[in-house]
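Here's the structure, in structure tokens; my notes come after.
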Amino acid sequence: MVEAVRAAAARELPSLVQKIDVEGYYPESVMREFGRLGAYAHHLPGHGAAVDLVTSINAMAAAGEYCLSTSFCMWCQDALAWYIYASDNDTLKQTIGPQAASGEALGGTALSNPMKSLFGIEAMRLKGRRGDGGYVVKGLLPYVSNLGNDHYFGAIFEVDDPKSGSGKRNVMAIVPCAAEGLTLADNTKFVALDGTRTFAVQMRDVVIPDSLIVADPADEYVARIRAGFVLLQAGMAFGLIRDCIRLMEQTKGPLGHVNKYLEEQPEPLAEQLVAMEAEVARLAATPFETDPAYWRAVIEARLIAGEASVKAAHAAMLHCGARGYVLNGAAQRRLREAYFVAIVTPATKQLRKMLVDMAH
Ligand SMILES: Cc1cc2nc3c(=O)[nH]c(=O)nc-3n(C[C@H](O)[C@H](O)[C@H](O)COP(=O)(O)OP(=O)(O)OC[C@H]3O[C@@H](n4cnc5c(N)ncnc54)[C@H](O)[C@@H]3O)c2cc1C
């Protein structure tokens, strides 16, 4: 499967990447093709023979060698399907689940805010109340990617719960973008990753029926799915770093005699990448592990992935020099893209906070 995705990415993405980057073009047909090839299905519990995160990560990395927007959209898709198959909701597993796993239905995840909220960084943005046969939800999420009118996304909202210690409870659901009262606003232009169909999502009393609930209460479930959520993001980093190493190798012929004085060289970066891939593969083998030491190792691996992405892209920029600094230069695009790996939730600052909090 990974080889088929690699071949499709090599065929489709080089001619599209400028359009994706500069015009914010959303590579929908490529996303659907990857789905048909099985790119979003291998990591899903109960869907195939085994829960195989590494294969999904490798597919994402294969696309990420060309384009981080596409690779991130693949992560969004993987996360959406992950939420459904890690839940106890058999209806979702028989309806939207298989469609998400095959790319027939596209979508993403609105978990940045709750992931920050659960670790004490910001308040929950979506609020729900009990209505007939479900919940009524309102609130605004500034950025949710891989969306469209017929797409879906995983979201968490807070409801009043006098029986809980805090007086609140979190509930997680799969939300159809087509739901009444939900609007998508495309009012932000990003410096990179603009081809990801990232919208501000406004929910005005959107009815979420019980059939779309993934977890209620959600906190234990989130603790179960969070390692997979984070580890899958490694695919974005690995693909991007591979391309940065390649860019550095390519400049060896014309510029090696002077590039050799630069602090970062492709060989140590390649060695670091092999070590990162091995560590992620080790951790990805047991995504439902509950030991706090395991979660700490996942956070550390994610932190390294973000920092190594920025380091590799910075190095590629310096190795390429002016040929990377032109408007259609790959190195400057990879540098802009690399910062996304370090700022998408969990961002570098959040990861560092989590590690400090764990030490106490
Ligand atoms: C291209 C792109 C795609 C994204 N896709 C998704 C997605 O699919 N799902 C998802 O849940 N999140 C998504 N995010 C959000 C992302 O994961 C992070 O939450 C976000 O980048 C900020 O994270 P941070 O930890 O650095 O928070 P900070 O930057 O420290 O932000 C803290 C708060 O500031 C708010 N804020 C952000 N921008 C502004 C602004 N311009 N003015 C005022 N306040 C602001 C944020 O909403 C947040 O509440 C996306 C972000 C980007 C840039």
Side-chain angles (χ1 to χ4, degrees), residues 20-27 31 60 64 67-83 100 106-127 137 139-148 151-158 170 172-175 177 182 184-203 218 222 225-226 229-230 232-233 235-237 240 299 302-303 305-307 309-310 333 336-357:
I20 294 170
D21 185 48
V22 178
E23 298 170 26
Y25 173 77
Y26 173 64
M31 286 295 295
M60 206 187 299
C67 172
L68 198 74
S69 282
T70 309
S71 188
F72 175 58
C73 286
M74 294 173 79
W75 175 79
C76 296
Q77 186 73 19
D78 281 344
L80 171 67
W82 174 245
Y83 301 154
L106 295 173
T109 156
L111 257 52
S112 280
N113 163 248
M115 284 289 181
K116 284 186 257 186
S117 170
L118 287 168
F119 295 97
I121 298 175
E122 62 187 38
M124 289 289 289
R125 284 173 167 264
L126 295 183
K127 313 276 181 199
V137 179
L140 173 75
L141 300 164
Y143 310 125
V144 189
S145 307
N146 206 36
L147 297 190
H151 294 207
Y152 299 88
F153 62 93
I156 300 182
F157 50 89
E158 185 181 76
N170 291 325
M172 179 152 173
I174 301 299
V175 180
C177 293
L182 189 152
L184 303 178
D186 180 13
N187 43 19
T188 309
K189 183 109 180 79
F190 298 102
V191 297
L193 277 287
D194 208 37
T196 52
R197 284 261 193 92
T198 300
F199 294 101
V201 178
Q202 176 88 58
M203 294 175 75
V222 173
I225 53 121
R226 65 188 182 184
F229 172 100
V230 170
L232 285 163
Q233 293 178 334
M236 291 192 277
L240 180 119
I299 295 166
R302 172 67 182 87
L303 180 61
E307 292 187 336
S309 296
V310 174
R333 174 173 55 80
R336 286 182 282 112
E337 290 177 341
Y339 282 109
F340 182 74
V341 185
I343 65 162
V344 69
T345 299
T348 303
K349 55 190 173 184
Q350 173 167 358
L351 294 162
R352 290 195 173 279
K353 176 185 189 301
M354 288 162 82
L355 290 174
V356 169
D357 291 350

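Order of appearance sets the numbers: ligands from 1, and atoms from 1 within every ligand. On a predicted model such as this, the values are computed, not experimentally measured, just so you know.
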Going by an N to O cut-off under 4.0 Å, is there a salt bridge joining R352 and E307? yes
So, are R197 and D186 salt-bridged, with charged N and O less than 4.0 Å apart?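 Salt bridge absent between R197 and D186.
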Checking heavy-atom distances from atom 47 (O) of ligand 1 to each of S117, A110, A123, P142, the winner is P142
Option nearest atom 28 (P) of ligand 1 (shortest heavy-atom distance, choices K349, R197, M115):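 When every heavy atom of K349, R197, M115 is considered, K349 comes closest to atom 28 (P) of ligand 1.
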Could you find the nearest protein heavy atom to [atom] and give me its residue, atom name and distance?
atom	answer
atom 16 (C) of ligand 1	S112 OG, 3.5 Å
atom 52 (C) of ligand 1	F340 CE1, 3.6 Å
atom 53 (C) of ligand 1	F190 CE2, 3.6 Å
atom 49 (O) of ligand 1	E122 OE1, 2.8 Å

Would you mind telling me if ligand 1 is within reach of the side chain of [X], the backbone, both or neither, using heavy atoms under 4.0 Å?
X	answer
L111	backbone
T109	backbone
S145	both
A347	side chain
Y143	both
T345	both

Give the atom numbers and elements of ligand 1 that come within less than 4.0 Å of a heavy atom of [X].
X	answer
V344	17 (O)
V144	7 (C), 8 (O), 9 (N)
I343	18 (C), 21 (O), 23 (O)

Does an N or O from K116, backbone or side chain, lie closer than 3.5 Å to an N or O of ligand 1?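 Indeed, backbone or side chain, K116 has an N or O that close.
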Ligand 1 N/O within reach of R125 N/O, cut-off under 3.5 Å: yes
Within this structure, what is the [atom1]-[atom2] distance for the pair [X] and [Y], rounded to the nearest 0.5 Å?
X	Y	atom1	atom2	result
M31	L106	CE	CG	6.0 Å
F72	F340	CZ	CZ	3.5 Å
T109	M172	OG1	CE	6.5 Å
L126	F157	CG	CZ	8.5 Å
E158	N170	CD	CG	6.0 Å
C76	L111	SG	CG	11.5 Å

Is [atom] less than 4.0 angstrom from some protein heavy atom?
atom	result
atom 45 (C) of ligand 1	no
atom 42 (N) of ligand 1	no
atom 36 (N) of ligand 1	no
atom 14 (N) of ligand 1	yes

Checking the side chain of [X] only, and the main-chain atoms of [Y] only, is there a donor and an acceptor separated by less than 3.5 Å?
X	Y	answer
Q77	G107	yes
W75	M60	no
T198	Y143	no

So, 4.0 Å and heavy atoms of F72: is ligand 1 close enough to count as a contact? yes
Would Y26 and N146 count as a side-chain hydrogen bond (donor to acceptor under 3.5 Å, both in side chains) here? Give the steps. CA-CA 8 Å; Y26 173 64; N146 206 36; 2.5 Å; yes
Between P346 and K116, is there a side-chain heavy-atom distance shorter than 4.5 Å?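 K116 does not reach P346 side chain to side chain.
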